[in-house]
J.: 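Quick one: this structure, given as structure tokens, is what I'll be asking you about.
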2 protein chains.
Amino acid sequence: MNEAVVLTPERILEATEDVLRRFGLTKATVVDVARALDVSHGSVYRHFPSKASLRDAVAKRWLDRANEPLCKLAAGSGPAPERLEKWLRTAFNIKQKKVCDDPEMFATYLALAQGAREVVEAYKDKQVDLIAKILSDGVAQGEFEIDDVKTTARAVFDATVRYHHPAHAEEWAKPECPSRIDALIALLLRGVRVCKH
Amino acid sequence: MNEAVVLTPERILEATEDVLRRFGLTKATVVDVARALDVSHGSVYRHFPSKASLRDAVAKRWLDRANEPLCKLAAGSGPAPERLEKWLRTAFNIKQKKVCDDPEMFATYLALAQGAREVVEAYKDKQVDLIAKILSDGVAQGEFEIDDVKTTARAVFDATVRYHHPAHAEEWAKPECPSRIDALIALLLRGVRVCKH
DNA sequence: TGTCTGACAGATATTGAAATCTGTCAGCGG
DNA sequence: CCGCTGACAGATTTCAATATCTGTCAGACA
């Protein structure tokens, strides 16, 4: 068996992303994916039970890739306030870069994510865990004063929804956006920091 | 001239709301509105230059009506922290009540608002002004410590987007929602309060 | 034996012709 | 004179026929 012609889930996902990039979400069909791989569409169903599951797998790949730098930041060390600020700004930048670089692809990703509820839910939970990690580091450092870290992490995530949820993407390009982000981050940091007299 | 048969913008708006309620946004036509008023559709165009402007006027009416209790709260007196909390909770309740009581009507309102950009923008600015009013009251009372009231009001508005923007409406019914709102409000209040040692 | 194919049924999407709607305006009637 | 009507052109929507797609499966092929 030639390694290159073995049909694996990985190869299918790769081809699916290509097809999505070329045709867009609404036009991309399983038949297109099969054609790109030079197999019959029945073969694709051997690896993914439905088009929906294939779509979800693609969504998961994208989200995981996008999440990687944030995982590193959360795992890092250093003063928690700076790290939290950096984490939030990075989270916003990743999304904003995506939408600026390739708005059409972003629309595809958005529509994809809207369907893949479970995948997105898991992704959000991971994000909250990352914030919680930084917050608890901050508490340990004596920089933050927080009753319930997990709950507060949720609150920070909720409070920043406007700058990471795709539903608000069209607002991100506005000129007043950066200063509003600054104000929001400042407000949130004040909300978790210990009282320095 | 009989008062009842004079065709006024007000009567047209009333009839338009009725028609929207009965047929929904996608099915409602200017002809339907005219029929409800027992006039020709040409007459409607005498008062509103286009269907879009009629739609915008309806949106404005709705938003203004919804906003009324919030205006009163902001104008009131009493301790600012309690007032801010009450204001935010009321804002959320108004939206959540709308979506629970009549989801179909809410969908109509949502679609309507998506089209009426300017009207919605003005409405949001008004909301921010109301928050700013409470914040500056709080500063005067020595309860809040805020550099730039207007900017912070914006930040509070942005931070609570998840619970007043219709794009997130489907999350409002979830059981964990109230506790997440509590956490968010607590975080924001901590962010504006003076440091009490 | 296990992977892949290709034909098939039912579901979904496309298409173009017909129907309806929006927005205009000349003229009617009070 | 002034507000309203109703017919009209162009834009938009509907609808049903047609084409394409999804998901299955019996059998080919290695």
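Chain A is the first sequence line, chain B the second, and so forth, proteins listed ahead of strands; every chain is numbered from 1.
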J.: Between atom CZ in A:Arg35 and atom C1' in C:dT5, what is the gap in whole Å?
T.: 16 Å
J.: Counting side-chain heavy atoms from CB outward, which of D:dT22, D:dT5, C:dT22 is closest to B:Tyr45?
T.: C:dT22
J.: Could you say whether A:Arg46 or B:Val31 is positioned toward the 5' end of DNA chain C, judged by the nucleotide with the nearest heavy atom to each?
T.: A:Arg46
J.: Rounded to the nearest 0.5 Å, what separation is found between the CG atom of B:Leu110 and the NZ atom of B:Lys98?
T.: 12.5 Å
J.: Can you tell me how far P of D:dT12 sits from CG of B:Asp32, to the nearest Å?
T.: 19 Å
J.: Provide the full list of ring-ring contact (aromatic ring centres under 6.0 Å, His included) pairs with a residue in residues 51-110 of chain A, sequence neighbours left out, each pair given once.
T.: A:Phe92-A:Tyr163, A:Phe106-A:Tyr109
J.: Treat primed atoms plus P, OP1 and OP2 as sugar-phosphate and everything else as base, then score nucleotides 6-16 of chain C 5' to 3': B for base contact with protein heavy atoms under 4.0 Å, S for sugar-phosphate contact only, - for none.
T.: BB------S--
J.: Please list, one pair per line, the donor and acceptor atoms closer than 3.5 Å that link side chains of residues 67-75 of chain B to other protein atoms, with sequence neighbours excluded.
T.:
none

J.: Rounding to an integer number of Å, can you tell me how far A:Ile12 CD1 sits from D:dG23 P?
T.: 14 Å
J.: Can you tell me which residue pairs pass the ring-ring contact (aromatic ring centres under 6.0 Å, His included) test with a partner in residues 8-57 of chain B, sequence neighbours excluded?
T.: none
J.: Strictly below 4.0 Å, heavy-atom distances to any atom of DNA chain D: list the hits from residues 47-55 of chain A, or just say none.
T.: A:Ser50, A:Lys51
J.: Quick one: which of D:dC4, D:dT5, D:dC21 gets closest to the side chain of B:Leu7?
T.: D:dC4
J.: Only pairs at least two apart or in different chains count here, so list each ring-ring contact (aromatic ring centres under 6.0 Å, His included) that has a residue in residues 124-146 of chain A.
T.: none
J.: Rounded to the nearest angstrom, tell me the gap between atom CG in A:Leu37 and atom C1' in C:dC4.
T.: 13 Å
J.: For residues 31-47 of chain B, pull every pair meeting salt bridge (charged side-chain N to carboxylate O under 4.0 Å, His left out), keeping only residues two or more places apart or in separate chains.
T.: B:Asp32-B:Arg35
J.: Linking directly or through intermediates, with side-chain heavy atoms under 4.5 Å: list the remaining ILVMFWY members grouped with A:Val161, chain and number order.
T.: B:Val161
J.: Can you name the residues that form a ring pair (Phe, Tyr, Trp, His ring centres under 6.0 Å) with A:Phe157, not counting sequence neighbours?
T.: A:His164
